[in-house]
Amino acid sequence: HKSQSICSQAAAGQSPDLNNQPRTVNCWSDNGVYYAIDTSRPIYNPQSQPPVFSKIQGALMVLDAQNQVVDTLNQIPIARTSNLNQWDPTVVSVLNNFATVEEYYRQTFNRNSIDGKGMNILGIVHALFKDPDGNVYSDNAFWSSSLQMMIFGDGDKEFKNLPSGLDVTGHELTHGVINHSANLIYENQSGALNEHLADVFGTMVDPDDWLIGEDVMVQGAALRDMKDPHNPNVSSRQPAVMAEYQNLANTPQTDNGGVHVNSGIPNHMSYLLSDGPNGVGRDKTQRILYRALTEYLTQRSQFIDYRRAALSSAKDLYGDNSPETLAVNSAFDAVGIVEGETPGPTEPNPAPTGQEQVVFLAADPNIFQQNGEIHYTLVLYDNGQFTLIAPRYVANTRPAISGDGSFGLYVDETHNLYLTDGANEQLIRGQNDIRTIALSKDLRFVAYTTTPEDNLIHVLNMKTGEE
């Protein structure tokens with residue numbers, strides 16, 4: 001045990017970052033090898049056992065993809081060196097930027113890491129990506145909600161030294177904070193709010209200006225400008241007010257309904273709230289908007305919901321008729337996000353066509369006659385014909401049918417959830433606890449209550465299986 005404590009311990013060296021600035025590198029030393037594992041932060045769990053990846057909690061860590069295409073975590077090693085004072089500058093930049101973002105959220109909002117529960121803050125560097133045509137590129141940095149970490153390309157045509165951008169890192173790690181709070185769905189207005197809040201806290205972490213990506217662009221002043229979304233010198237000009245809202249289709253080719261486009265409207269609002277004519281400054285702005293994110297916004301919140309959330313947060317923090325609450329009203333008014341306005345244009349669902357059919361529950365008369373028990377079957381009525389569409393008894397609860405009648409959901413007698421198209425079926429949830437169900441209009445989500453009864457409504461994503 002004594003030998004292990006000497007050979008495996010925290011260490012600190014010094015090495016240049018991507019901007020050639022000497023930086024402290026907090027790391028982990030194990031038998032002469034130094035790993036990019038920073039255990040110096042207050043979020044670190046001292047019961048961890050570095051450098052074993054699966055036995056570490058609350059550390060900052062960098063993995064090295066070594067210029068390979070990243071699609072899984074298989075065989076991606078923790079970045080390391082044999083010289084305490086000679087590190088890959090990319091690793092140095094990422095570890096230090098991670099530390100800055102962690103410290104910001106902890107000191108400003110008392111947040112315990114990205115998830116609020118002390119998770120590791122992880123990043124993969126030197127990653128390559130493939131576009132739909134199979135072309136390899138490195139012009140990207142993003143938060144992966146599935147891997148729960150940041151992935152950095154080095155930059156190529158549009159960006160340079162991507163991992164060096166503090167506001168870029170703040171932006172992407174904030175997507176993780178959003179993922180673990182409101183979890184705003186990444187499409188249309190909720191997706192634009194997701195991008196907006198990532199921009200806001202990216203500029204709060206790096207508060208020198210209201211620009212995003214100003215330090216990592218090959219050409220142009222920045223990627224976006226929150227003070228002036230129309231700035232001709234940035235690469236992504238945006239609308240600044242609702243009159244300029246762009247109603248884009250919700251497809252990957254059109255930015256999932258303009259999430260990076262229409263985010264310019266609440267972006268400009270946040271600049272006005274902080275530094276506009278009635279501005280309350282950055283500190284109060286960040287506290288109002290963080291509370292709106294973590295206490296009021298939900299997955300499908302729209303711009304008008306954001307206004308209401310920010311107003312509620314300002315009232316909570318500063319009072320109903322405070323200058324801060326009035327400033328929130330003024331900032332949202334200035335960009336046209338006002339009560340009485342409809343949310344951004346949406347695509348209506350097409351009206352169902354075809355022959356009418358009815359699905360209903362019917363008690364099995366044979367069982368009832370034999371022993372007086374009631375067991376229900378699921379029956380389809382179509383043009384005078386009755387067809388049994390579930391091969392088992394079902395619970396005495398309403399089934400859920402898609403608007404076009406192409407499929408339905410039902411709960412069986414043992415409280416499991418099934419999907420059926422009348423000919424084939426699939427078990428969706430088999431934990432014997434479903435009581436009632438409802439299907440969202442866009443067919444993406446199933447809401448359900450459970451047995452025994454409680455006061456919760458659970459939501460299941462039909463596409464991803466996530467709850």
Side-chain angles (χ1 to χ4, degrees), residues 1-18 22-103 105-106 112-128 141-154 163-164 169 172-173 176 180:
H1 180 75
K2 183 177 180 181
S3 174
Q4 182 182 11
S5 67
I6 293 174
C7 295
S8 187
Q9 60 189 355
Q14 192 172 73
S15 190
D17 64 11
L18 282 168
R23 308 292 294 271
T24 298
V25 183
N26 289 298
C27 58
W28 190 264
S29 170
D30 187 74
N31 292 313
V33 178
Y34 300 97
Y35 294 87
I37 305 172
D38 180 355
T39 62
S40 69
R41 318 304 298 174
I43 63 172
Y44 178 64
N45 182 347
Q47 302 302 314
S48 301
Q49 298 178 37
V52 181
F53 183 87
S54 61
K55 296 183 178 181
I56 304 173
Q57 183 180 10
L60 316 182
M61 286 192 282
V62 179
L63 285 66
D64 188 355
Q66 300 173 344
N67 296 310
Q68 300 296 314
V69 174
V70 172
D71 48 14
T72 72
L73 282 181
N74 292 336
Q75 298 179 338
I76 300 180
I78 299 174
R80 64 196 69 184
T81 183
S82 59
N83 185 335
L84 179 60
N85 295 306
Q86 188 173 341
W87 285 86
D88 175 353
T90 297
V91 173
V92 178
S93 288
V94 171
L95 277 178
N96 277 273
N97 285 345
F98 278 2
T100 300
V101 176
E102 183 278 325
E103 185 173 276
Y105 274 106
R106 175 170 45 81
N112 185 17
S113 189
I114 300 304
D115 63 348
K117 301 177 182 178
M119 70 180 284
N120 293 321
I121 299 180
L122 304 172
I124 298 176
V125 297
H126 302 309
L128 297 179
F142 64 94
W143 168 262
S144 170
S145 59
S146 58
L147 298 178
Q148 290 290 290
M149 65 174 60
M150 268 200 74
I151 302 179
F152 295 90
D154 291 322
S164 70
T169 301
E172 299 302 343
L173 290 181
H180 287 281

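Bear in mind the structure is a predicted one, so any value in this text is a computation, not a measurement.
A donor-acceptor distance shorter than 3.5 angstrom exists from the side chain of Asp115 to the backbone of Gly118, with no hydrogens or angles considered. A donor-acceptor pair is defined here as one N or O able to donate and one able to accept, closer than 3.5 Å; such a pair exists between the side chain of Asn120 and the backbone of Ile56. Counting only distance, with no hydrogens or angles, the side chain of Thr169 and the backbone of Asn97 share no donor-acceptor pair below 3.5 Å. Although no hydrogens or angles enter the test, the distance criterion places a donor-acceptor pair under 3.5 Å between the side chain of Thr81 and the main chain of Gln86. Counting only distance, with no hydrogens or angles, the side chain of Gln148 and the backbone of Ser145 share a donor-acceptor pair below 3.5 Å. Here the side chain of Asn96 pairs a donor or acceptor atom with the backbone of Thr24 at under 3.5 angstrom. Judged purely by atom type and a 3.5 angstrom limit, Asn85 has no side-chain atom pairing as donor or acceptor with the backbone of Gly13.
Annotation: the span from Lys117 atom NZ to Ile43 atom CD1 amounts to 15.0 Å, rounded to 0.5 Å. Summarising the geometry, atom CZ belonging to Arg80 is positioned 4.5 Å from atom OH belonging to Tyr35; distances are rounded to the nearest 0.5 Å. Atom SG in Cys27 sits 12.0 Å away from atom CD1 in Ile78 (nearest 0.5 Å). Here CE of Met119 is found 8.0 Å from CE of Met149. Values are rounded to the nearest 0.5 Å. Annotation: the span from Ser144 atom OG to Leu122 atom CG amounts to 10.5 Å, rounded to 0.5 Å. Note that the OG atom of Ser29 and the CD1 atom of Ile37 stand 10.5 Å from one another [nearest 0.5 Å].
Of all heavy-atom pairs spanning Val91 and Ala36, the tightest one is CG1-CB, 3.7 Å. The two residues Met150 and Phe98 make their nearest non-hydrogen contact at SD-CE1, 4.1 Å. Counting all heavy atoms, side chain and backbone alike, Asp64 lies closest to Ile76 at O-CG2, 3.7 Å. Closest non-hydrogen pair, Glu172 versus Ala141, comes out as OE2-O, 3.1 Å. For Phe152 against Pro163, the heavy-atom pair with the smallest separation is CD2-CA, 3.7 Å. In plain terms, the two heavy atoms of Ser8 and Pro51 that are nearest each other are OG-CD, 4.4 Å.
Taking the side chain as every heavy atom from C-beta outward, Ile114 and Trp143 approach each other to under 4.5 Å. In this structure, the side chains of Asp30 and Pro50 stay at 4.5 Å or more apart for every pair of heavy atoms. Within the 4.5 Å cutoff, the side chain of Phe53 has heavy atoms near those of the Leu63 side chain. By the 4.5 Å heavy-atom criterion applied to side chains, Ile121 and Arg41 are not counted as neighbours. With contacts defined as side-chain heavy-atom distances shorter than 4.5 Å, the pair Leu18/Thr90 qualifies.
A side chain to side chain contact (heavy atoms under 4.5 Å, CB included) with Asp154 is found for exactly one of Leu128, Val125, Asn67, namely Asn67.
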